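Keep in mind that this is a model prediction, so the values were computed, not measured. Per chain, numbering begins at 1; letters A, B, ... match sequence-line order.
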Amino acid sequence: MLDLRYVSENLDAVATALASRGFNDQETLAKLESLASARRLAITEVETLQATRNEASAAMGKIADKKSEAFTAKRVELQGLKGRIKELESKSKAIQDELGELLLHLPNLPHESAPVGTSEDDNVEVRVVGDKPSFAFEPKDHVDLGVALDIMDFERGAKVSGARFVILKGMGSRLERGLLQFMLDMHVDQHGYQEVWPPALVKDSSMLGTTQLPKFEKDAFKIKKDSEWEEKNEASHDLYLCPTGEVPITNMHANEILDASQLPLTYAGYTACFRSEAGSYGKDTRGMIRQHQFDKIELVRFVTPEDALSEHALLTSHAENILKALGLHYRVVELCTGDMGFGARKCFDIEVWLPGQNAFREISSCSWFGEFQARRMSCRYRPAPKAKPKHVHTINGSGLAIGRTLVAILEQYQRADGSIEVPEALRPYLGGRDSIRA
RNA sequence: GGAGAGGUGGCCGAGUGGUCGAAGGCACCCGCUUGCUAAGCGGGCGUACGGUCACAAGCUGUACCGGGGGUUCGAAUCCCCCCUUCUCCGCCA
């Protein structure tokens with residue numbers, strides 16, 4: 001979330017920056033302003049009273065005879081204060097809660113280098129890598145290829161789990177598994193990431209930390225607990241199916257103060273990802289492009305503000321290196337202010353070429369969040385020994401979405417007879433096979 | 001699922017109603033010292049939010065001893081709920 005102090009002192013600048021990403025809720029901003037000043041008054045009010053009470057109580061502590069009249073008189077006198085303080089405390093808390101809730105709904109401010117725009121049409125193509133594969137035949141899409149090769153079973157996926165689920169079979173499964181290993185190996189051995197294997201279920205507080213909550217709850221699968229459980233654990237936390245590795249991995253360092261020498265702190269991890277895909281009915285219903293469950297390798301970097309921009313570029317290049325190693329044609333697009341995610345200050349999408357769709361499709365989204373996530377989950381670092389802790393900057397990106405990579409390989413490496421050439425770098429992971437055929 | 005024990009500052013670890021933001025140790029920082037070398041001595045060293053102020057330092061107030069609520073003039077300390085860690089039993093991949 002945004003820094004309350006910065007927001008209340010730079011309201012106009014904030015409004016302008018938010019407007020550039022399409023956020024024009026003047027009412028909210030006005031409310032923010034009035035709540036911020038109300039908060040200060042309330043704090044002062046409570047604290048003054050608390051100071052009075054503390055002083056008087058300390059004096060009482062010094063009275064030796066606790067049964068003396070002087071003592072009793074003081075006690076009676078202070079009893080009135082107690083209620084008054086409680087009253088003001090709850091008033092102050094209410095203001096702060098409302099303010100906090102409001103801040104949670106404000107998106108991040110785009111970085112000045114992010115292209116200004118209102119929709120994906122305003123995104124900027126940064127670079128194109130490789131060439132479109134040319135085919136002497138009409139290229140098929142991954143569904144036709146996969147079904148013919150008997151490595152994807154959409155019908156049984158639907159039978160078992162419903163729409164937007166697939167069962168990979170034989171070399172399809174092997175390819176998914178091989179890609180998983182190939183990607184992780186590269187990030188760990190060549191890019192120096194610490195490998196992690198995080199949980200698939202995450203707490204609501206984690207979802208809040210990385211901004212999936214509170215605004216985007218409908219996009220996630222929430223674990224439903226039976227009523228008996230709910231009754232017993234009314235105040236306990238909710239659990240969600242992990243929508244992206246970003247959530248468990250970034251939140252690993254929630255409520256911590258890191259040492260500057262630890263930075264950059266980098267993680268690469270595999271997670272199954274689950275998305276309800278609410279609001280995307282009718283979109284990409286064919287094939288593996290948009291499933292309720294998919295596999296992904298996630299890259300996360302905790303960095304200093306000074307290094308953030310170059311670290312962001314670095315992480316993006318790490319994701320790209322996978323595509324390069326696989327010889328896949330792709331491009332990098334910088335998202336405009338209107339198309340960026342809620343928490344991002346700057347974002348590069350990597351889009352892989354899909355001959356079956358005759359289009360580039362997102363395969364990774366590399367975002368720099370500034371201190372937006374770090375503030376929410378309270379992750380700080382000490383720039384120097386004894387120095388005051390500052391919020392870290394977080395950066396993450398897919399490295400890569402495994403299913404979509406599989407799709408791209410099928411479509412880009414397809415041959416006239418419907419078989420698939422296996423990219424050389426991947427062959428060791430497929431038992432040395434150089435092709436996939438029926 | 002059952003039984004029990006814990007969660008205190010970056011780390012370890014005292015502390016069971018007032019003199020505790022919290023002993024002691026480690027780590028770290030500053031200075032001194034040192035011919036015996038991951039040595040010795042002295043000092044410093046939590047976070048957040050207010051006020052003052054330059055959103056600095058300093059000074060000052062308040063809160064924070066897993067989280068939330070309660071009792072009390074006063075809570076790290078007592079009560080309740082939750083989270084979490086560990087040990088044992090059961091069950092299970």
Problem - Distance-only side-chain donor-acceptor flag, A/E246 / A/T210, under 3.5 Å - result: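 No, no side-chain donor-acceptor pair sits under 3.5 Å.
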Can you tell me how far [atom2] of [N] sits from [atom1] of [X], to the nearest Å?
X	N	atom1	atom2	answer
A/L201	B/C83	CG	P	15 Å
A/K93	B/A63	NZ	P	17 Å
A/L258	B/C28	CG	P	18 Å
A/R380	B/G46	CZ	P	14 Å
A/R40	B/G61	CZ	C1'	16 Å
A/I95	B/C49	CD1	C1'	14 Å
A/Q50	B/C73	CD	C1'	14 Å
A/N255	B/G67	CG	P	10 Å

Practice task
For A/M1 and A/R376, work out which heavy atoms get closest and say how close.
Solution key: N-CG, 3.1 Å
Problem - A/E306 atom CD, over 12 foreign heavy atoms within 6.0 Å - result: yes
By nearest atom, which of the nucleotides [options] is closest to the [X] side chain?
X	options	answer
A/I43	B/U62, B/C49, B/C83	B/C49
A/M60	B/G18, B/G46, B/G50	B/G18
A/I257	B/G61, B/G74, B/G10	B/G10
A/E47	B/A48, B/G61, B/G18	B/G61
A/R39	B/C49, B/G10, B/G74	B/C49
A/R382	B/G46, B/G69, B/G18	B/G46

Problem - Whether A/R382 side chain and A/A260 backbone form a donor-acceptor pair below 3.5 Å - result: no
Exercise for the section: Would you confirm whether A/E334, through its side chain, and A/V124, through its main-chain N or O, come within 3.5 Å as a donor-acceptor pair? Expected result: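 Here the side-chain-to-backbone pair does not exist.
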Practice task
Please tell me if the side chains of A/I223 and A/L241 come closer than 4.5 Å, counting only heavy atoms from C-beta onward.
Solution key: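 A side-chain contact under 4.5 Å exists here.
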Rounded distance in Å between the [atom1] positions of [N] and [M]:
N	M	atom1	answer
B/C78	B/C65	P	13 Å
B/G9	B/G15	C1'	14 Å
B/C11	B/C88	C1'	29 Å
B/C26	B/G18	C1'	31 Å
B/G46	B/G25	P	16 Å
B/C53	B/C59	C1'	10 Å
B/G58	B/A54	C1'	13 Å
B/G61	B/G66	C1'	26 Å

How would you label the contact of [X] with the nucleic acid (heavy atoms, under 4.0 Å): base, sugar-phosphate, or nothing?
X	result
A/A51	sugar-phosphate
A/F71	base
A/D259	nothing
A/E9	base

Handout entry: SB check A/D295 A/R177 (cutoff 4.0 Å)
Key =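 Salt bridge flag = no for A/R177 with A/D295.
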Problem - A/E77 and A/K74 ion-paired at < 4.0 Å - result: no
Handout entry: Residues from residues 72-92 of chain A lying under 4.0 Å of RNA chain B - heavy atoms
Key = A/R75, A/L78, A/Q79, A/K82, A/K86
Problem - Ring centre gap for A/F221 and A/F274 strictly below 6.0 Å - result: no
Practice task
With RNA chain B as reference, determine whether A/A387 or A/K203 sits nearer its 5' end, using the nearest nucleotide of each.
Solution key: A/A387
Practice task
Hey, which sits more toward the 5' end of RNA chain B by its nearest nucleotide, A/A56 or A/G61?
Solution key: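 That would be A/G61.
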Practice task
Indicate whether OP1 or OP2 belonging to B/U62 is found under 4.0 Å from a side-chain N or O atom of A/N54.
Solution key: yes
Handout entry: A/R53 side chain near B/A63 phosphate (N/O to OP1/OP2, under 4.0 Å)
Key =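 For A/R53, the contact criterion (side-chain N or O under 4.0 Å from OP1 or OP2 of B/A63) is met.
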Practice task
Give every residue pair that meets the ring pair (Phe, Tyr, Trp, His ring centres under 6.0 Å) criterion with at least one member in residues 60-115 of chain A, sequence neighbours excluded.
Solution key: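 Only A/H111-A/W368 qualify under ring pair (Phe, Tyr, Trp, His ring centres under 6.0 Å).
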Exercise for the section: Please work out whether the ring planes of A/H187 and A/H191 are parallel, tilted or perpendicular, with thresholds of 30° and 60°. Expected result: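 Geometry flag for A/H191 against A/H187: tilted rings.
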Exercise for the section: Applying side-chain contact (heavy atoms from CB on, under 4.5 Å), run through A/F165 and A/V160 and close with a yes or a no. Expected result: CA-CA 8 Å; A/F165 287 96; A/V160 171; over 6 Å; no
Handout entry: Dot-bracket pairing map - RNA chain B, Watson-Crick plus G-U, both contacts under 3.5 Å, | cross-strand
Key = ((((((((.[[[..)..(.....]]].(((((.......))))).(((((((.....))))))).[[[[[..)....]]]]])))))))....
